[in-house]
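To keep things clear, I will list the structure first and then write my remarks on it.
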There are 2 protein chains.
Amino acid sequence: MTTPDTAPETAPRRGKATRLREYLTGLIDGGLQPHDRMPTERELAEQFQTTRLTVRRALDQLGHEGRLYRTQGAGTFVSEPRIAKSLELTSFSDDMRARGLKPGSLGTTVECIAAGAEVGAELHISPRDMVVHITRTRTADGVAMCLEHCYMPSAVVPGLETTSWDGSLYEVLSRTYGLTPEKAEQSIRASVLDAADAAALSVPEFSPAFRVQRVTFDARGRRLEYALSTYRADRYSYDMVIYRNPGKS
Amino acid sequence: MTTPDTAPETAPRRGKATRLREYLTGLIDGGLQPHDRMPTERELAEQFQTTRLTVRRALDQLGHEGRLYRTQGAGTFVSEPRIAKSLELTSFSDDMRARGLKPGSLGTTVECIAAGAEVGAELHISPRDMVVHITRTRTADGVAMCLEHCYMPSAVVPGLETTSWDGSLYEVLSRTYGLTPEKAEQSIRASVLDAADAAALSVPEFSPAFRVQRVTFDARGRRLEYALSTYRADRYSYDMVIYRNPGKS
DNA sequence: CAGTGGTCTAGACCACGAG
DNA sequence: TCGTGGTCTAGACCACTGT
């Protein structure tokens with residue numbers, strides 16, 4: 001009699017806060033205009049048979065994503081959709097789909113090599129340990145957008161080099177290996193393209209570009225991936241919402 | 001007997017969560033090593049005569065800043081300090097000081113002009129409304145790092161164009177006008193420098209650069225500032241910690 | 001002034017990790 | 001099994017906004 005209820009819980013989702021957030025995103029996406037008032041916290045708590053604390057957790061998350069803002073004494077309001085969301089960890093595929101573009105890959109190569117000094121240091125493994133090295137040209141609606149080098153410890157993804165997959169690498173990680181990227185440390189630099197990279201991206205030599213270096217971790221802090229990506233800057237920008245740190249020190 | 005204690009509360013700060021966070025940052029900065037275990041939530045709650053919920057709010061913030069991480073069933077641990085913190089809203093001055101550099105400005109100009117189409121649209125005012133336009137070359141240890149154009153509605157900062165100030169514009173906003181930037185929407189693009197900008201930054205023409213466009217808001221959602229900044233890319237990178245969005249849609 | 005969000009209390013049960 | 005963090009309940013009072 002731990003979870004009797006009336007029905008077999010069509011989908012025994014995580015928590016009430018999650019369901020509440022999904023309901024609220026539905027409200028925002030469906031019909032509500034920017035600066036419209038959302039229901040009050042107390043109303044939502046009553047409607048969903050829960051407490052204000054739980055409602056606040058859902059609203060906090062949406063606030064962090066920039067979907068709504070709150071003003072003490074006045075209420076909770078829908079944000080302008082000018083900048084969709086704050087910077088978050090997504091796959092290239094999801095990122096492109098979110099922008100309404102069809103993601104793809106060209107010229108994928110997969111090899112198993114020794115990590116070497118740089119990759120080994122970033123992945124916290126020995127330079128002699130083996131890694132799977134994947135290179136791809138990522139495309140959006142068939143247009144080359146990004147050149148990607150990705151390194152993953154062979155010990156973490158055994159046999160990946162002999163697996164065939166289409167689309168998102170993250171989906172393979174999740175389905176085949178039960179690995180879920182949760183966090184990444186990322187460094188973005190501005191640069192210009194050399195002749196080879198420019199040709200691969202079909203833009204003139206010396207065009208501006210983003211160089212993105214990223215180490216991806218799972219929930220337990222294991223290093224899953226070290227990735228170096230080069231984005232053509234004429235088609236890419238980083239849009240984000242940032243907040244003042246309350247610990248102003 | 002509401003706050004008896006022993007001393008007159010040197011500074012009657014905001015909330016317990018804030019004091020707790022300050023205590024915890026002290027713990028982390030003072031002696032604790034990466035991956036060391038922090039006290040448990042229940043211990044902290046008892047030590048500080050508060051509840052787990054309050055402790056969790058403090059820990060949540062530090063988690064978001066990448067200072068610590070938590071593993072269910074195991075405990076709370078100090079993060080590796082590899083990347084100091086997530087992207088946050090700071091002034092150029094604070095940013096440079098955090099990197100151990102001495103911030104400064106060169107060739108500051110201040111004028112009062114009509115907003116015009118672009119600036120008016122970004123600040124949500126009429127193109128005919130007046131704005132204060134400030135241009136500066138920002139320096140770190142005397143080296144030019146960034147060219148900055150900043151526009152603020154005259155109605156928000158009356159008389160700013162006749163005020164003399166040194167150092168941080170944000171400090172003037174806070175002290176003279178009681179305005180505190182709380183949030184910003186920021187777009188970062190990669191570009192190359194034209195001859196004039198390159199000369200101002202003492203780098204070769206066509207050097208890579210970041211173009212940063214930013215609208216700053218206060219806690220009540222008022223638009224305070226529209227800023228366009230150009231950073232030399234050889235001296236600047238954006239380092240951040242990003243997380244997977246729990247609402248994976 | 002009434003109503004809003006901001007903070008906090010004092011418990012409870014669950015899910016997960018490690019011994 | 002035990003202790004950890006993750007989630008939730010059912011209240012309370014405060015700070016601020018708008019009327």
Side-chain angles (χ1 to χ4, degrees), chain A residues 1-5 9 12-22 24 35-64 68-79 178 180 182-183 218-222 243 246, chain B residues 1-3 12-22 24 35-64 68-79 178 180 182-183 218-222 243-244 246:
Chain A
M1 294 294 188
T2 50
T3 44
D5 269 348
E9 288 279 344
R13 322 275 199 80
R14 306 274 182 83
K16 288 194 177 182
T18 300
R19 287 198 291 275
L20 201 39
R21 197 188 56 235
E22 289 166 358
L24 291 167
H35 304 290
D36 277 359
R37 269 191 60 175
M38 305 278 293
T40 70
E41 297 180 354
R42 289 169 177 85
E43 283 171 9
L44 288 167
E46 193 179 9
Q47 277 182 37
F48 280 78
Q49 285 287 295
T50 182
T51 59
R52 269 187 72 205
L53 179 71
T54 304
V55 172
R56 297 198 102 251
R57 293 231 320 287
L59 291 171
D60 282 345
Q61 287 188 46
L62 293 171
H64 264 105
L68 53 80
Y69 63 94
R70 295 189 275 182
T71 307
Q72 187 175 75
T76 303
F77 306 90
V78 178
S79 293
T180 306
E182 281 292 332
K183 170 192 151 180
D218 71 2
R220 301 231 284 284
R222 288 180 302 193
Y243 296 89
Chain B
M1 296 297 187
T2 50
T3 47
R13 322 282 193 75
R14 304 276 182 83
K16 287 194 177 183
T18 300
R19 287 197 291 273
L20 201 40
R21 196 188 56 235
E22 289 165 358
L24 291 167
H35 305 290
D36 277 359
R37 270 191 60 177
M38 305 277 295
T40 71
E41 298 180 354
R42 289 169 178 84
E43 283 171 8
L44 289 168
E46 193 179 7
Q47 275 182 36
F48 279 79
Q49 285 288 295
T50 183
T51 59
R52 268 188 73 205
L53 179 72
T54 305
V55 172
R56 297 197 103 251
R57 293 231 319 290
L59 291 171
D60 282 344
Q61 287 187 48
L62 293 171
H64 263 105
L68 52 80
Y69 62 94
R70 294 191 273 182
T71 307
Q72 189 175 75
T76 303
F77 307 89
V78 178
S79 293
T180 305
E182 281 291 334
K183 171 193 150 181
D218 70 3
R220 301 232 285 284
R222 288 181 302 194
Y243 297 89
R244 191 176 65 92

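Each chain gets a letter, A, B and so on, in the order the sequences are listed, and its residues count up from 1.
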Which atom names give the shortest non-hydrogen contact between B/A17 and B/A58, and what distance separates them? O-CB, 3.7 Å
Is the B/H64 ring parallel, tilted or perpendicular to the A/H64 ring (thresholds 30°, 60°)? parallel
Given that A/A17 and A/A74 both sit by DNA chain D, which one's nearest nucleotide is further toward the 5' end? A/A17
For atom CG of A/D60 and atom P of C/dG5, their distance in whole Å: 12 Å
For B/E46, I'd like to know if atom CD has over 12 heavy atoms of other residues, nucleotides or ligands within 6.0 Å. no
May I have the distance from A/Q72 (atom CD) to C/dG5 (atom P), rounded to whole angstrom? 10 Å
For B/T76, give me all partners under side-chain hydrogen bond (donor to acceptor under 3.5 Å, both in side chains), at least two apart in sequence or on another chain. none
Side-chain contact test, heavy atoms from C-beta onward, threshold under 4.5 Å: evaluate it for B/L24 versus B/L68 and give yes or no. no
Output all residues satisfying side chain to side chain contact (heavy atoms under 4.5 Å, CB included) with B/K16, sequence neighbours left out; order by chain, then residue number. B/R19, B/T50, B/T54
note: A/L44, atom CG; C/dG3, atom P; distance rounded to Å ~ 17 Å
List the atom pairs, with distances to 0.1 Å, where a side-chain N or O of residues 37-44 of chain B and a protein N or O form a donor-acceptor pair under 3.5 Å, not counting sequence neighbours.
| unit_1 | atom_1 | unit_2 | atom_2 | d |
| --- | --- | --- | --- | --- |
| B/T40 | OG1 | B/E43 | N | 3.1 |
| B/E41 | OE1 | B/R52 | NE | 3.1 |
| B/E41 | OE1 | B/R52 | NH2 | 2.9 |
| B/E41 | OE1 | B/R56 | NE | 3.3 |
| B/E41 | OE2 | B/R56 | NE | 3.3 |
| B/E41 | OE2 | B/R70 | NH1 | 3.0 |
| B/E43 | OE1 | B/T40 | N | 3.4 |

Is it the case that the base of C/dG3 and the side chain of A/R42 share a donor-acceptor contact (distance under 3.5 Å, atom types as modelled)? no
Those residues of residues 45-59 of chain A lying under 4.0 Å from DNA chain C by at least one heavy atom: A/R52, A/R56
When you match B/T40 and A/K16 each to their closest nucleotide on DNA chain D, which lands nearer the 5' end? B/T40
Can you name the residues that form a ring-ring contact (aromatic ring centres under 6.0 Å, His included) with A/F77, not counting sequence neighbours? A/Y69
How would you give the extent of chain A contacts on DNA chain D, as first and last nucleotide 5' to 3' within a 4.0 Å heavy-atom cut-off? D/dT7 to D/dT17
